[in-house]
Amino acid sequence: MKLSLEFYSRDAITVAQDLLGKLLIRRIDDNKIVSKIVETEAYIGPEDKACHAYQNKRTKRTEVMFWRGGYSYVYLIYGMYNCLNIVTAKEGKPEAVLIRAVEPVLGVESIKKNRQIKSNKMEDLTNGPGKLCQGLEVDRELNGYDLVTGDRLYIKDSKLSPKIIADKRINIDYAEEYKDKLWRFYIKDNLYVSK
DNA sequence: CTCGCGATATTCT
DNA sequence: GAATATCGCGAGA
């Protein structure tokens, strides 16, 4: 069943860990793509230098992070790739969880078609934030989408309780003391984790 | 396998 | 004008 508003209303670090092993559903018309979340990162607005909403910086782009939990935050990075985030916590608190990697469960053929890669390796399909967005057809049309009530993009509960590893986040060298925070979480020994 | 680099658009200075 | 929560390619080991 779909994750509830209460699930998303907690702080980003807790939600980031709890999201591991959950099922991300992307429905395009009648076509359904199901994938398992295997890697996440937490971003805490007010104090985290790596966060777009650092010091509660509220701009057109970061606006969605100030909403209540359960919305999607999709933004463009390096001019060409989208990244999918899940907004957490209560209204007015800019926190979000970046989905860094997923494992395809259903609809692998659709993902392959969207990605058009030469590599035959399954893990190259979705082992990175830009890759999984391309594979699942996630772009900024889905920015601010409500995962609690929507059915084109949502997250389903699972009974899995994977082994979780906490690690440093990736590619945020500019964040100084915050770059060493262990706010990246992934499932131990999973093939689809980036790096 | 590990580097190094260019592509590219939106945001903020 | 500069920076960026990335990726894929090609060269070399």
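Letters A, B, ... are given to chains in the order of the sequence lines, protein chains preceding strands, and every chain is numbered from 1. Worth saying up front: this structure is predicted, and the values here are computed from it rather than measured. Side-chain atoms are counted along with the backbone in the values below, which use heavy atoms only and exclude waters and symmetry mates.
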*So does Tyr78(A) reach the base of dA5(C) with its side chain, donor to acceptor, closer than 3.5 Å?*
no

*Integer-rounded Å distance: dA5(C) C1' and Tyr75(A) OH*: 3 Å

*asked:* Mind checking if Thr59(A) touches a base, just sugar-phosphate, or nothing, with heavy atoms under 4.0 Å?
replied: sugar-phosphate

_Nucleotide dA3(C), atom P - distance to CD of Glu176(A) in whole Å_ = 15 Å

*Could you check whether Lys131(A) gets within reach of a base, just the sugar-phosphate, or nothing at all, counting any heavy atom under 4.0 Å?*
sugar-phosphate

*Roughly how many Å is it from CD in Gln134(A) to P in dA7(B), rounded to a whole number?*
18 Å

*Step by step, would you call Lys22(A) with Leu3(A) a side chain to side chain contact (heavy atoms under 4.5 Å, CB included)?*
CA-CA 9 Å; Lys22(A) 299 285 189 285; Leu3(A) 294 183; 4.0 Å; yes

_Sugar-phosphate only, base, or nothing, as touched by Leu98(A) at under 4.0 Å among non-hydrogen atoms_ = base

*asked:* If you only use heavy atoms from C-beta on, which nucleotide in dA5(C), dC9(C), dT8(B) is closest to the side chain of Lys118(A)?
replied: dC9(C)

*Salt bridge or not for Arg26(A) and Glu137(A), using N-O below 4.0 Å?*
no

*Can you check whether Asn171(A) has a side-chain N or O nearer than 4.0 Å to OP1 or OP2 of dA5(C)?*
no

*Of the candidate nucleotides dC9(C), dG8(C), dT11(B), which contains the atom at the shortest distance from the side chain of Arg61(A)?*
dT11(B)

_Phosphate OP1/OP2 of dA9(B): any Tyr81(A) side-chain N/O under 4.0 Å_ = no

*asked:* Below 30° counts as parallel, above 60° as perpendicular, anything between as tilted: where do the rings of His52(A) and Tyr75(A) land?
replied: perpendicular

*Answer yes or no for Arg10(A) and Phe7(A): cation-pi contact, defined as NZ/CZ to six-membered ring centre under 6.0 Å and angle to ring axis within 45°.*
yes

*Output yes when Arg68(A) and Asp146(A) qualify as a salt bridge under the 4.0 Å nitrogen-oxygen rule, no when they do not.*
yes

*Euclidean distance, atom CZ of residue Arg169(A) to atom P of dT4(C) [Å, nearest integer]*: 14 Å

*Determine the contact category for Arg115(A): base if any of its heavy atoms lies under 4.0 Å from a base atom, sugar-phosphate if only primed atoms, P, OP1 or OP2 are that close, otherwise nothing.*
sugar-phosphate

*Which nucleotide, dA5(C), dG8(C), dA7(B), lies nearest any side-chain atom of Met65(A)?*
dA5(C)

*Charged N to carboxylate O under 4.0 angstrom, Asp124(A) versus Lys112(A)?*
no

*Please check the phosphate of dT11(B) (OP1 and OP2 only) for any side-chain N or O of His52(A) closer than 4.0 Å.*
no

*asked:* Can you see if the side chain of Lys179(A) gets near the phosphate of dA5(C) - specifically, an N or O under 4.0 Å from OP1 or OP2?
replied: no

*Which whole-number value in Å describes the distance from Lys195(A) NZ to dC3(B) P?*
13 Å

*Expressed in angstrom and rounded to an integer, what is the separation of Asn120(A) atom CG from dG8(C) atom P?*
14 Å

*From dA7(B), dT6(C), dT10(B), nucleotide with atom closest to Pro129(A) side chain*: dT6(C)

*asked:* In whole Å, I'd like the distance from the CD atom of Glu123(A) to the C1' atom of dC7(C).
replied: 16 Å

*Take the protein atom CG of Asn143(A) and the nucleotide atom P of dT11(B), then report the distance between them rounded to whole Å.*
10 Å

*Can you tell me which stems involve DNA chain B, if a stem is defined as three or more consecutive Watson-Crick or G-U wobble pairs, both distances under 3.5 Å?*
B:1-7 with C:6-12, B:9-12 with C:1-4

*Side-chain contact test, heavy atoms from C-beta onward, threshold under 4.5 Å: evaluate it for Asn143(A) versus Tyr71(A) and give yes or no.*
no

*Hey, could you give me the CD/OH distance between Glu123(A) and Tyr192(A), rounded to the nearest 0.5 Å?*
6.5 Å

